[in-house]
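Every number for a ligand or one of its atoms is a count from 1 in the order of the listing.
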Amino acid sequence: MSVNSDNIPNHVAIIMDGNGRWAEARGLHRSDGHRAGAEPVRMLLKSAHKKGVRFLTLFTFSTENWARSDDEVNNLFGLLVQYIDSETAELLSSGVRLTATGDLQRLPAPALEALREAEKATSQNTDLTLTLALSYGSRAELAAAARSLASEVILGLYDPQNLTEELFRSHLWSSTLPDVDLLIRTGGEKRVSNFLLWHLAYAELHFTDTLWPDFGEEDFLLALNDFQSRKRRFGRTD
Ligand code: IPE
Ligand code: IPE
Ligand code: MG
């Protein structure tokens, strides 16, 4: 698969979907699918780093996923803690900075603690920023930004006439993330499921039927190749 090193997306965001179906197709438990989903993350980090991607944002748990069974939710956060414990040393030595975005106060305490420690440990790394979107939903994020801006207006910090896009953006949970260049969704569905609505404004979208645990380097290179075939106009003419 040929990928041009001069046109690598700065920010790749991924909706890692299909873990449950992958497990069900094998007569396994949904949690086995989530566990198997850690391997593509390892591959992706290596490959994205090698290609020069600077921001990688993974939709790991949505606001709406809280409606799943307690068993599945507990299992997912248990796996997250295991993943962070086993991978932080590797992230640290390979130049990856780990961060998280979302309504993080809702996370179980052990998950939040593991995340905070890993964030602190890798905070000096600058090659690649890996952001896990956890308890994340764009509408909740936009509403939270509106609430904090409204409070600041009431305090007299801003005149509403001066509420620019940039000021709004600076109040988002994910304010430090740049615009998404390439969105990949695995698992066959063609929707964005309340992910990064602000940042996706001009993203190129790549959908694949591959279920997340089966997502390999070839699939990633195919997505990069697809991105490179697009003509991005941002509303202008050629
Ligand atoms: C994505 O896989 C992972 C999370 C949403 C946490 P799913 O669990 O949604 O898998 P499917 O879509 O049921 O196959
Ligand atoms: C999106 O997948 C959320 C994550 C991948 C974490 P879902 O499986 O929750 O999305 P829907 O329900 O198919 O839209
Ligand atoms: Mg799903």
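The residue R21 has no part lying near ligand 2, judged by heavy-atom distances below 4.0 Å. Heavy atoms of F61 found under 4.0 angstrom from ligand 2 belong exclusively to the backbone. Proximity of N65 to ligand 2, defined as any heavy-atom pair under 4.0 Å, is confined to the side chain (atoms from C-beta onward). The part of M16 lying near ligand 1 is the backbone, judged by heavy-atom distances below 4.0 Å.
Counting atoms of ligand 2 from 1 in the listed order, those under 4.0 Å from a heavy atom of R185 are 2 (O), 10 (O), 11 (P), 13 (O), 14 (O). Every atom of ligand 2 is numbered from 1 in the order shown, and the set under 4.0 Å from a heavy atom of R191 is 11 (P), 13 (O), 14 (O). If you number the atoms of ligand 2 from 1 as listed, the ones under 4.0 Å from a heavy atom of T60 come out as 6 (C).
At least one heavy atom of H34 sits less than 4.0 Å from an atom of ligand 1. Put simply, no part of G187 is less than 4.0 Å from ligand 1, judged by heavy atoms. Residue contacts with ligand 1: L211 is excluded, as none of its non-hydrogen atoms falls under 4.0 Å.
Note that NE2 of H199 and OG of S138 are 8.0 Å apart. Values are rounded to the nearest 0.5 Å. Taking CD of E217 as the reference point, atom CG of L221 lies at 5.0 Å (rounded to 0.5 Å). Separating the CG atom in L44 from the NE2 atom in H49 is a distance of 12.5 Å, to the nearest 0.5 Å. For the atom pair NE2 of H29 and NE2 of H34, the computed distance is 9.0 Å after rounding to the nearest 0.5 Å. Taking CZ from R35 and CG from N19, the interatomic distance works out to 11.5 Å, rounded to the nearest 0.5 Å.
Residue E189 does not count as close to the Mg ion (ligand 3), with no N, O or S atom under 2.8 Å.
For the pair R54 (side chain) and D127 (backbone), a donor-acceptor distance under 3.5 Å is present. No donor-acceptor distance shorter than 3.5 angstrom exists from the side chain of D85 to the backbone of Q82, with no hydrogens or angles considered.
In terms of polar-atom proximity, defined here as any N/O pair under 3.5 Å, N19 does make such a contact with ligand 1.
For atom 1 (C) of ligand 2, the closest non-hydrogen atom of the protein is I15 CG2, 3.9 Å. Among protein heavy atoms, the minimum distance from atom 10 (O) of ligand 1 is reached at G20 N, 2.9 Å. Among protein heavy atoms, atom 6 (C) of ligand 2 sits closest to F59 O, 3.3 Å. For atom 13 (O) of ligand 1, the closest heavy atom belonging to the protein is R30 NH2, 3.0 Å. Of all protein heavy atoms, the one lying nearest to atom 7 (P) of ligand 2 is R68 NH2, 3.9 Å. Counting protein heavy atoms only, atom 14 (O) of ligand 2 is closest to S193 OG, 2.6 Å.
For the side chain to side chain donor-acceptor pair (under 3.5 Å) criterion with H11, the lone passing option out of D179, T129, T57 is T57.
For atom 12 (O) of ligand 1, the choice among L76, L80, D17 with the nearest heavy atom turns out to be D17.
The environment of CZ in R232 is crowded: more than 12 heavy-atom neighbours from other residues, nucleotides or ligands sit within 6.0 Å.
For D17, the N, O or S atom closest to the Mg ion (ligand 3) goes by the atom name OD1.
In this structure, R68 forms no cation-pi arrangement with W66, as its terminal cationic atom is not both closer than 6.0 Å to the ring centre and no more than 45° off the ring axis.
Between R42 and E39 a salt bridge is recorded (basic side-chain N to carboxylate O distance below 4.0 Å).
Between F168 and W198, the ring-plane angle classifies as parallel under the 30° and 60° cut-offs.
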